[in-house]
Protein chains: 2
Amino acid sequence: MKKSAKLAMPAPQAFQPIESVSIGTQLYRHLRGAIIRGDLHPGQALSESEIARQYSTSRQPVREAFIKLAEERLVNIQPQRGTFVVKISVADVLDARFVREAIEVAVAQEAATSAPPTAIKELRNLIEQQIAVSHGHNAEFLALDEEFHRTISLSVGRAHAWRVIEGIKAQMDRIRYLSLDDATPLPLIIEQHSRIVDGIEAGNPAAAAAAMRSHLREIIISLPDIAARFPDVFESESLTGAS
Amino acid sequence: MKKSAKLAMPAPQAFQPIESVSIGTQLYRHLRGAIIRGDLHPGQALSESEIARQYSTSRQPVREAFIKLAEERLVNIQPQRGTFVVKISVADVLDARFVREAIEVAVAQEAATSAPPTAIKELRNLIEQQIAVSHGHNAEFLALDEEFHRTISLSVGRAHAWRVIEGIKAQMDRIRYLSLDDATPLPLIIEQHSRIVDGIEAGNPAAAAAAMRSHLREIIISLPDIAARFPDVFESESLTGAS
DNA sequence: ATTTATACTTTACCATACATGTATGGTGAT
DNA sequence: ATCACCATACATGTATGGTAAAGTATAAAT
């Protein structure tokens with residue numbers, strides 16, 4: 001009886017199993033956001049017991065969250081010593097940016113030849129929303145910015161590409177949160193977004209690629225200033241090499 | 001005074017803290033290799049308790065290994081159900097290959113302009129070794145192949161790029177282990193490697209990029225055949241879309 | 001014969017206890 | 001004043017018991 005009723009449901013594959021997220025995963029997401037936003041300062045020590053007390057849980061879920069964060073290079077687990085929020089390394093960020101550029105430029109090229117019209121409409125829509133919040137609401141803008149880039153990747157079915165970018169973006173976003181106000185002016189970023197969509201819509205891979213490339217190189221400009229202004233947030237960068 | 005005496009010590013920066021690897025990490029590495037080599041079959045269920053018994057340890061380290069494997073998309077943890085070795089998805093592999101091509105082509109371009117001569121010598125050396133084992137020893141060849149690609153990335157300081165590639169390679173290597181014998185002939189691969197180094201050594205970014213690109217597209221050719229020959233190893237690939 | 005209901009098994013998840021390595025302040029001998 | 005030594009506190013790593021949920025098999029009922 002109930003089964004036959006269920007079979008009448010509209011889109012079975014759209015069903016999400018409610019996904020009762022485990023405590024460890026919830027903690028992971030929460031801490032990840034806190035680190036990216038800078039609520040947890042680079043270099044700060046994170047204690048399993050301490051976090052467990054704060055969230056009224058046991059050490060085990062905290063431990064699992066730490067492991068995931070360590071995989072993402074957001075914390076550094078030192079056995080029998082402690083777990084610390086990793087400081088930002090200028091060299092690392094530039095290296096990550098290089099990878100991101102390689103991937104997203106390739107995606108933009110592909111989008112110019114095979115992105116569906118609905119995706120272009122969605123991208124234009126996102127740009128409109130970005131304009132709407134471009135006066136002051138920088139946090140909201142960052143979310144729309146992320147959705148913009150994600151939409152491009154998913155529009156050509158590059159889910160894996162987006163997954164990689166997402167991890168890289170985390171490191172780069174930490175810097176953007178450091179200088180929310182005096183970074184690259186939002187109207188300029190929005191203009192760059194428009195040029196990217198222009199290239200995609202025109203079916204011009206070279207133009208789309210060039211627009212994406214110059215867009216992603218913005219951060220290189222502001223990075224040295226930021227590193228100089230927040231010295232305690234960055235790695236000493238002299239004798240590290242590997243870590 | 002005494003400080004000057006301490007300054008006479010041999011090489012303080014060469015000190016490595018011995019890195020006593022935890023059981024969980026050891027298990028992760030072991031299981032990872034087993035999955036890539038195909039010793040653990042796609043779809044197979046992995047039980048925390050079972051693995052713990054096999055390796056004479058407790059369930060906790062096993063659990064941590066599972067979490068790391070899940071981050072790498074090598075196993076799929078289903079809460080309250082079980083953990084399974086993920087089947088290979090043709091679409092996923094093609095998506096991952098796309099990302100790898102984007103990164104490694106960019107790296108090859110960069111290497112053509114700024115790789116040190118020592119790196120080129122090292123690459124030539126690796127090719128010689130590959131020739132030496134190209135008759136039969138396919139497992140050894142795979143190791144040398146990995147070292148070849150890693151050397152290129154690290155020669156231009158792209159450690160982050162290599163880290164991303166390493167994760168992608170895992171998925172692609174699973175396929176190579178499926179058809180160790182009748183895959184692309186090793187001499188052909190070695191020839192492609194040579195062309196890549198030729199481009200780098202000549203300082204010709206376009207040539208290096210083109211050589212790398214065609215090299216990384218080899219797998220597309222053999223993939224359909226392999227997928228047809230090992231149907232139980234691959235995802236059904238019809239209604240998945242996301243997972 | 002088909003369906004419903006119930007008991008049972010297995011699983012990942014969480015909490016707790018214990019083991020082991022590390023940092024640190026104090027103490028006494030030199 | 002300096003050093004070795006030790007006690008203490010705290011960090012992560014490991015072991016183990018308990019729990020809720022999902023799957024399965026058996027039995028009852030229609």
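Reminder, nothing fancy here: chain letters follow the sequence lines and each chain counts from 1. Since the model is a prediction, treat every value here as computed from it, not as a measurement.
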### Query
To the nearest Å, how far apart are A:Gln78 CD and C:dA23 C1'?
12 Å
### Summary
Taken to the nearest whole Å, CD1/B:Ile51 to P/D:dA15 is 15 Å
### Message
As a test of reading the structure: which of D:dT14, C:dG21, C:dA12 is closest to the side chain of A:Gln80, going by heavy atoms?
### Response
C:dG21
#### Entry: Value in whole Å for how far the P atom of D:dA15 lies from CZ of B:Arg53
15 Å
### Task
Mind calculating the distance between CZ (B:Phe66) and C1' (C:dT11) to the nearest angstrom?
11 Å
### Task
For A:Lys68, check side chain to side chain contact (heavy atoms under 4.5 Å, CB included) against everything at least two apart and list the hits.
A:Thr25, A:Tyr28, B:Ile67, B:Glu71
### A:Glu48 CD to C:dC14 C1', straight-line distance once rounded to whole Å
14 Å
### Task
Looking at every strand, decide which applies to A:Ile67 at a 4.0 Å heavy-atom threshold: base, sugar-phosphate, or nothing.
nothing
#### Entry: Residues touching DNA chain D, which here means a heavy atom under 4.0 Å, drawn from residues 54-65 of chain B
B:Thr57, B:Ser58, B:Arg59, B:Gln60, B:Pro61
### Message
Rounded to whole Å, how long is the line connecting atom CZ of B:Arg81 with atom C1' of D:dA22?
### Response
7 Å
### Task
Looking at every strand, decide which applies to B:Ser49 at a 4.0 Å heavy-atom threshold: base, sugar-phosphate, or nothing.
nothing
### Task
With the side chain counted from C-beta on, respond yes when A:Leu142 and A:Arg176 share a heavy-atom pair under 4.5 Å apart, and no when they do not.
yes
### Message
With a 4.0 Å cut-off on N to O distance, would you call B:Glu166 and B:Arg150 a salt bridge?
### Response
no
### Query
Which pair of non-hydrogen atoms, one from A:Glu72 and one from A:Gln171, has the smallest distance, and what is that distance?
O-NE2, 3.4 Å
### Task
Answer yes or no: is there a side-chain heavy-atom contact under 4.5 Å between A:Arg174 and A:Leu74?
yes
### Query
side chain to side chain contact (heavy atoms under 4.5 Å, CB included) between B:Glu235 and B:Val90: does it pass, once the steps are laid out?
CA-CA 7 Å; B:Glu235 199 77 32; B:Val90 174; over 6 Å; no
### Summary
Which of D:dT12, D:dT14, C:dA12 is nearest the side chain of A:Ser47? It is D:dT12
### Task
Ignoring backbone atoms, test whether A:Thr83 places a side-chain nitrogen or oxygen under 4.0 Å from the OP1 or OP2 oxygen of D:dT12.
yes
### Summary
Between CZ of B:Phe84 and C1' of D:dA22 the distance, given in whole Å, is 11 Å
### Query
Taking CD1 from B:Ile77 and C1' from C:dC13, how many angstroms apart are they, rounded to a whole number?
11 Å
### Query
Do the rings of B:His215 and B:His149 sit parallel, tilted or perpendicular, given the 30° and 60° boundaries?
parallel
